[in-house]
Amino acid sequence: MTSMNTFTNVTPLPRSFYCRETIEVAQSLLGKVLVRRVNEGILAGRIVETEAYKQNDPACHASKGMTKRNQVMFGEPGHAYVYFTYGMHFCFNVVTAPQGVGEAVLIRAVEPLEGIDLMARYRRTNKLTNIASGPGKVCQAFGLGREHNGLDLTDGVLTIVDDGYVLDRIVTSTRIGIRLAADLPWRFYIANNPHVSRR
DNA sequence: TTAATGATGGGCT
DNA sequence: GCCCATCATTAAA
């Protein structure tokens, strides 16, 4: 059995990984691998950029209480919160903190590792660093949409795994594309990684 | 720099 | 219930 670089039989991160302080989870997610199983095979990419959204944070969808849209943020940690925005894009988040708290981490960029051809097809681009270098791009590359909202990431077709990758350095900055609480330093990314989004 | 594009939710009535 | 500014974006120009 010489399976090189396939993430088929890797154990997903446990619930306890997500049931922690949201900033900690945002930083810990860097370097982990997002894996989706589809009929055509496996899509996998290393998480290189994240943002934390906390309950008492005006930029957080949950800051004004539970609504139909944000209800999974208040649910069990380790589930996917996928929402539609700007009339044409989806954003993929990971629910963090204990049940009832309403916090999450936005996955802003990943480095494609496996299923790159399929991702390129979904994205209609051939440039590697343009495949998943932004939150909307991540969803398009992995084919994520409404139907994935609420999925349990600890067991199923959409998971996050640890493949033992060791980071060089994490950079901290303010979050991108928000108006409220724009001064909070809750964006994290892997230094010198070409798949991190720019602006 | 700006258009595309539509769901969401807060603030009314 | 209606109105409408807003929006955790992207691609094209």
Side-chain angles (χ1 to χ4, degrees), chain A residues 18 21-30 32 34 45 47-75 77-97 101-112 119-151 153 158 160 170-190 193-199:
Chain A
Y18 302 101
E21 156 57 32
T22 299
I23 307 264
E24 243 179 77
V25 178
Q27 294 169 333
S28 308
L29 277 170
L30 293 176
K32 302 298 187 290
L34 175 63
I47 296 169
V48 298
E49 180 183 358
T50 61
E51 280 178 0
Y53 286 86
K54 290 172 61 66
Q55 189 157 20
N56 287 333
D57 155 21
C60 178
H61 288 177
S63 65
K64 289 178 177 165
M66 187 160 62
T67 65
K68 187 173 183 180
R69 176 176 67 163
N70 67 23
Q71 61 176 339
V72 324
M73 288 185 82
F74 291 87
H79 287 247
Y81 170 47
V82 182
Y83 68 88
F84 184 66
T85 191
Y86 290 106
M88 55 176 80
H89 297 292
F90 290 95
C91 288
F92 168 68
N93 303 251
V94 165
V95 176
T96 59
V101 174
E103 304 195 347
V105 172
L106 171 68
I107 306 303
R108 281 198 60 89
V110 313
E111 173 181 347
M119 290 185 194
R121 219 177 311 148
Y122 284 158
R123 285 277 301 125
R124 299 164 189 271
T125 181
N126 290 316
K127 188 160 192 269
L128 188 59
T129 54
N130 190 33
I131 288 184
S133 52
K137 298 177 185 180
V138 169
C139 286
Q140 203 176 10
F142 278 75
L144 301 178
R146 300 181 198 297
E147 65 272 31
H148 303 279
N149 188 37
L151 277 195
L153 300 169
L158 184 63
I160 300 177
I170 293 177
V171 180
T172 301
S173 82
T174 54
R175 295 173 294 183
I176 287 181
I178 58 170
R179 188 174 49 87
L180 302 169
D183 55 323
L184 298 176
W186 289 350
R187 172 178 178 240
F188 308 98
Y189 59 92
I190 297 180
N193 187 292
H195 299 273
V196 170
S197 69
R198 300 163 242 247
R199 172 145 309 203

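Chain letters run A, B, ... following the sequence lines, proteins first and then strands; every chain starts at 1. Just so it is clear, the structure is predicted and the values come from calculations on it, not from any experiment.
Stacking here means ring centres nearer than 5.5 Å and ring planes tilted less than 30 degrees, and by that measure A:Tyr86 does not stack onto B:dA4.
Of all heavy-atom pairs between A:Asp57 and A:Ser63, the closest is O-CB, 3.2 Å. Summarising the geometry of A:Gly150 relative to A:His79, their closest heavy-atom pair is O-ND1, 2.8 Å, with the distance given to 0.1 Å. For A:Leu106 against A:Tyr53, the heavy-atom pair with the smallest separation is CB-CE1, 4.0 Å. The heavy-atom pair separating A:Arg187 from A:Ser197 by the smallest distance is NH2-O, 3.1 Å.
Residue A:Arg108 places at least one side-chain N or O closer than 4.0 Å to OP1 or OP2 of C:dT9. When the side-chain nitrogen and oxygen atoms of A:His89 are compared with OP1 and OP2 of B:dT5, none of them lie within a distance under 4.0 Å. Residue A:Arg69 places no side-chain N or O under 4.0 Å from the OP1 or OP2 atom of B:dA7. Contact check, A:Thr85 against C:dA8: no side-chain N or O comes under 4.0 Å of OP1 or OP2.
In this structure, CG of A:Asn149 is placed 10 Å from P of B:dT8, rounded to the nearest angstrom. Distance, A:Arg124 CZ to C:dT10 P: 16 Å, rounded to whole Å. One interatomic measurement links the two molecules: CZ of A:Arg175 to P of C:dT9, which rounds to 11 Å at whole-angstrom precision.
To the nearest 0.5 Å, the span separating SG on A:Cys139 from OH on A:Tyr83 amounts to 9.0 Å. To the nearest 0.5 Å, atoms CG (A:Asn149) and CZ (A:Phe92) are separated by 10.5 Å.
A:Arg123 comes within 4.0 angstrom of the backbone, heavy atoms only, and of no base. Note on A:Lys64: only backbone sugar-phosphate atoms sit closer than 4.0 angstrom, heavy atoms only; bases stay farther off.
A cation-pi arrangement is absent between A:Arg108 and A:Tyr189 under the rule of less than 6.0 angstrom and at most 45 degrees off the ring axis.
Checked against B:dG10, B:dA4, C:dA8, the side chain of A:Ile178 finds its nearest nucleotide in C:dA8. Ranking B:dT5, C:dA8, B:dG10 by closeness to the A:Met88 side chain, first place goes to B:dT5.
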Wobble G-U and Watson-Crick pairs count when both distances are under 3.5 Å; given that, what is the 5' to 3' dot-bracket string of DNA chain C, with | for pairing to other strands?
|||||||.||||.
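Listed by residue number, the members of residues 129-145 of chain A with any heavy atom below 4.0 angstrom from DNA chain B form an empty set.
Across the interface with DNA chain B, nearest-nucleotide mapping of A:Thr67 and A:Gly87 shows A:Gly87 to be the residue nearer the 5′ end.
Shown here are the side-chain contact (heavy atoms from CB on, under 4.5 Å) partners of A:Pro58, two or more places apart in sequence or in another chain: A:Leu180, A:Ala181.
Counting heavy atoms from C-beta on, the side chains of A:Leu158 and A:Leu34 come closer than 4.5 Å.
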